[in-house]
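Read the structure below first, then the notes.
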Amino acid sequence: MQAAARRTGGCQCGRLRYAYTGELGDASICHCRMCQKAFGNWGAALVEMQLSSFKFTKGTPAVFHSSSIVKRGFCRECGTPMFMHEDGDANIEIAIGTLDQPNDVPSFTKQSAVESRLDWFVTMHLLKEERMDDYRKADDMLLLKSLQHPDFDT
């Protein structure tokens, strides 16, 4: 029998780190206004994890109750949105970008709250694509050296 996969993740500054052992649940995109505000973006890309197999291994997230039944966790230092959890739900929904290996997430299964979807979201896939080094000079790339926490526990 194969052991359950262990996944880790954290915020941008590294003050929050988490670990999860188990199979990932559904991955979805939420377009609700609360996710738009919480992520400062078009919405949120989230993946379900069983709360009983999830734990913060470093730090404690700040929590904001965005409704009477939903709380959202984030790093109080760097502001990274970390999760959404609905009261009584056996799953926590983790921001996919906080995973150390975000490509491990299975294909998305749904988009929710589409009544709040921003009009331009449906054409994003048509945008011109370019790599960072296509529009940044080599000297600029040296200046852009990331100061964020690496994608592993330290």
Side-chain angles (χ1 to χ4, degrees), residues 3-122 124-125 127 132 136 140-154:
R6 182 175 190 271
R7 292 176 173 85
T8 57
C11 67
Q12 192 170 20
C13 72
R15 284 193 167 62
L16 294 178
R17 295 290 298 159
Y18 63 81
Y20 175 72
T21 303
E23 294 301 315
L24 295 172
D26 288 340
S28 63
I29 292 174
C30 183
H31 294 281
C32 79
R33 281 297 290 151
M34 285 185 276
C35 280
Q36 289 173 2
K37 292 271 188 169
F39 284 75
N41 212 322
W42 49 260
L46 304 162
V47 64
E48 292 178 344
M49 297 180 183
Q50 292 177 356
L51 191 56
S52 62
S53 299
F54 175 88
K55 69 176 180 175
F56 278 95
T57 57
K58 183 178 177 189
T60 302
V63 174
F64 174 73
H65 288 267
S66 59
S67 78
S68 60
I69 61 168
V70 173
K71 64 184 171 191
R72 295 169 184 276
F74 60 96
C75 177
R76 71 181 78 248
E77 184 67 25
C78 67
T80 301
M82 299 296 293
F83 71 85
M84 184 197 86
H85 182 248
E86 190 169 325
D87 291 348
D89 193 341
N91 293 316
I92 187 170
E93 293 187 61
I94 298 297
I96 290 173
T98 67
L99 281 159
D100 291 338
Q101 300 295 324
N103 276 322
D104 285 352
V105 173
S107 296
F108 288 95
T109 59
K110 67 181 176 183
Q111 293 185 60
S112 58
V114 295
E115 69 279 3
S116 299
R117 182 174 50 210
L118 300 175
D119 294 340
W120 49 262
F121 182 86
V122 297
M124 283 179 62
H125 67 285
L127 293 173
M132 191 179 293
R136 293 277 189 179
D140 289 344
M141 294 297 285
L142 294 173
L143 296 173
L144 288 172
K145 184 176 187 271
S146 176
L147 300 177
Q148 73 183 20
H149 190 273
D151 286 336
F152 53 85
D153 291 332
T154 57

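Computed from heavy atoms alone, side chains included, the values below leave out hydrogens, waters and symmetry copies. Owing to the predicted nature of the structure, the values given are computational and were not obtained by experimental measurement.
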Parallel, tilted or perpendicular, as decided by the 30° and 60° cut-offs, for the rings of F121 and H31: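 Geometry flag for F121 against H31: perpendicular rings.
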
Plane angle bin for F54 and F56 - parallel if under 30°, tilted between 30 and 60°, otherwise perpendicular: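 The rings of F56 and F54 stand perpendicular, inter-plane angle above 60°.
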
Please check: side-chain N/O of [X] versus main-chain N/O of [Y], any donor-acceptor pairing under 3.5 Å?
{"X": "Y20", "Y": "A5", "value": "no"}
{"X": "R117", "Y": "W42", "value": "no"}
{"X": "T109", "Y": "A27", "value": "yes"}
{"X": "T80", "Y": "Q12", "value": "yes"}
{"X": "E77", "Y": "C11", "value": "no"}
{"X": "T98", "Y": "A95", "value": "yes"}
{"X": "R17", "Y": "G9", "value": "yes"}

Please report the shortest heavy-atom distance between [X] and [Y], naming the atom on each side.
{"X": "R7", "Y": "G22", "result": "NH1-O, 3.1 Å"}
{"X": "Q111", "Y": "V114", "result": "O-CG1, 3.8 Å"}
{"X": "E93", "Y": "S28", "result": "OE1-OG, 4.1 Å"}
{"X": "G10", "Y": "Y18", "result": "N-CE2, 3.6 Å"}

Value rounded to 0.5 Å, distance of OG in S116 from CD in Q36: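 One finds 6.0 Å between OG of S116 and CD of Q36.
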
Side chains of L51 and H85 in contact at under 4.5 Å (non-hydrogen atoms):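 They are in side-chain contact.
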
Sub-4.5 Å side-chain heavy-atom contact between D26 and N91: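 No, their side chains stay 4.5 Å or more apart.
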
Check: F64 ring centre within less than 6.0 Å of F74 ring centre: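 No, ring centres 6.0 Å or more apart.
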
